[in-house]
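Just below is one structure, and these are the notes that go with it.
Computed from a predicted model, the values in this text were never measured in an experiment.
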Amino acid sequence: MPRSARLRLGDLRTLADVVAECRDLGDDPAAWWAHFTRRVCGLVGADFGGCGEIADLRPDGGSTTLGIGEWGWENGFDREPWEWSVTQFDIDPGYSELYRRYFLRLAADAGVCLARTDLMADREWTRSVSYQRVSEPMGVDHYVWCVRGHPRTAGRSGMMVVTRAAGGRDFTARDKALVREAHAWVAPLVGGPLARFGEPSPADLPPRVRRVLKCLLEGDTDKQAAARLGLTRHTVNGYAKLIYSHFAVESRAELLARWVKRGWGGRFAWADD
């Protein structure tokens, strides 16, 4: 590894903080993926990122995007080219020569993190589908890609894409090392402390039901939750039944056990305070 790509102790401490923050949001996959994307973009000076889960990746025949955490739309990028690329990737990940080259490298180095310039020179890049259909109209240029399998869930992988606005500088070897290391730290946690896309999420419940869920997770009885929220015990009991059904548990004890077993923290991004 080039000396310039070596991570410092401070980098590892920052990555540990990022993982801890994600674990605090771990019961909500959309929330922790979005937070992870924002923090990684900040670490490497990216202007936009899309990081999430894919299933059944077949470089020569399609995949399924399960969910994406995005950050950077406030920087003024055009959504349509990005959304087209996500749809096209599910139909055929090899629609672009750039992706085909990345997957060849990935086959030899699991979790490899590469920049666009590692795969394609500028002149060839500007003639490519990825540039003409996605990057130029979206307003971005330099990229970093990193795909890594999720050990807890067969057939699923995480895919990270971060990019800079057109005219920005290329990513450095150290930037790529940071992205790769960040992905390496979270991948083993997906399906454990970090919920997968497709799992029942608190964010899918109506706001009033989420407020009851928060009370239950904080140890309130139905009577205490009713008093705290200004509801009747009958209403709280009805919401509790919806919660149990949503998470496929039969009691408050099972509900709490689910949270404890998964190691989920008490920072409820989905709660309406």
Side-chain angles (χ1 to χ4, degrees), residues 14 16-42 48-53 65-75 79 83 86 150 152-153 156 158 185-186 189-273:
T14 299
D17 289 341
V18 172
V19 173
E21 293 160 9
C22 289
R23 290 185 67 146
D24 279 342
L25 302 169
D27 58 7
D28 184 346
W32 80 254
W33 270 114
H35 182 78
F36 179 69
T37 303
R38 180 180 67 82
R39 291 287 271 125
V40 170
C41 285
F48 176 82
C51 306
E53 292 176 76
T65 298
L66 303 172
I68 306 175
E70 299 169 349
W71 176 84
W73 292 120
E74 58 269 41
N75 293 325
R79 283 180 179 269
E83 292 172 353
V86 172
H150 289 167
R152 291 175 183 261
T153 311
R156 288 197 181 198
W185 283 34
V186 301
L189 304 178
V190 179
L194 301 178
R196 303 183 301 263
F197 279 110
E199 291 190 78
S201 170
D204 298 329
L205 295 167
R208 284 192 174 188
V209 181
R210 290 200 300 268
R211 287 193 281 273
V212 171
L213 173 61
K214 182 182 179 186
C215 290
L216 298 182
L217 294 175
E218 291 177 343
D220 289 350
T221 64
D222 285 2
K223 181 178 180 181
Q224 290 169 328
R228 181 174 167 183
L229 299 175
L231 302 172
T232 67
R233 288 183 65 181
H234 176 75
T235 298
V236 168
N237 184 260
Y239 286 168
K241 290 179 180 178
L242 287 175
I243 291 166
Y244 299 156
S245 175
H246 182 68
F247 291 106
V249 298
E250 296 184 359
S251 66
R252 182 182 315 225
E254 283 190 40
L255 179 71
L256 293 173
R258 176 186 174 88
W259 253 254
V260 171
K261 183 178 180 180
R262 297 293 291 273
W264 288 334
R267 182 181 166 192
F268 305 129
W270 41 265
D272 300 305
D273 296 320

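A search for salt bridge (Lys or Arg N to Asp or Glu O under 4.0 Å) contacts involving R38 returns nothing, not counting sequence neighbours. With sequence neighbours left out, A203 forms a side-chain contact (heavy atoms from CB on, under 4.5 Å) with D28, S201, W270. Scored by the side-chain hydrogen bond (donor to acceptor under 3.5 Å, both in side chains) test, E199 finds R262 as partners (sequence neighbours excluded). In terms of the salt bridge (Lys or Arg N to Asp or Glu O under 4.0 Å) criterion, residue partners of E21 (sequence neighbours excluded) are, by chain and number, R39. Contacts of L242 classified as side-chain contact (heavy atoms from CB on, under 4.5 Å), with partners at least two apart in sequence or in another chain: V209, Y239.
One distance of note links CG of L25 with CG of L194; it measures 9.5 Å at 0.5 Å rounding. Atom NZ of K261 and atom CG of L256 lie 14.5 Å apart (nearest 0.5 Å). Taking CG of L213 as the start and CG of D27 as the end, the distance is 8.0 Å to the nearest 0.5 Å. The CD atom of Q224 sits 9.5 Å away from atom SG of C215, with the distance rounded to the nearest 0.5 Å. Atom CG of L189 sits about 6.5 Å away from atom CZ of R152, to the nearest 0.5 Å. Put simply, CG on L229 and OG1 on T235 are 10.5 Å apart, with the number rounded to the nearest 0.5 Å.
Residue pairs meeting the salt bridge (charged side-chain N to carboxylate O under 4.0 Å, His left out) criterion with at least one member in residues 218-230, sequence neighbours excluded, are E218-R228, D220-R228, D222-R252.
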Check against side chain to side chain contact (heavy atoms under 4.5 Å, CB included), K241 and H246: CA-CA 9 Å; K241 290 179 180 178; H246 182 68; over 6 Å; no
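Within the 4.5 Å cutoff, no side-chain heavy atoms of V40 are placed close to those of C51. With a 4.5 Å cut-off on side-chain heavy atoms, N75 and F48 do not count as touching.
Crowding of E74 atom CD: a count of heavy atoms from other residues, nucleotides or ligands under 6.0 Å exceeding 12. Remark: R233 CZ is loosely packed, at most 12 non-hydrogen atoms of other residues, nucleotides or ligands lying under 6.0 Å away.
If you look at W259 and F247, their ring centroids are closer than 6.0 Å.
Between L66 and F197 the shortest heavy-atom distance is O-CB, 3.6 Å. A pairwise comparison of heavy atoms in P29 and A195 identifies CB-O, 3.4 Å as the closest pair.
Looking at W264, its side chain does come within 3.5 Å of a backbone N or O of P193 through a donor-acceptor pair. Under a 3.5 Å cut-off, the side chain of T153 and the backbone N or O of R156 do not form any donor-acceptor pair. A donor-acceptor pair is defined here as one N or O able to donate and one able to accept, closer than 3.5 Å; such a pair exists between the side chain of T37 and the backbone of W33. Proximity of a side-chain donor or acceptor of E53 to a complementary backbone N or O of G158 within less than 3.5 Å is not detected.
A cation-pi arrangement is absent between R23 and W32 under the rule of less than 6.0 angstrom and at most 45 degrees off the ring axis.
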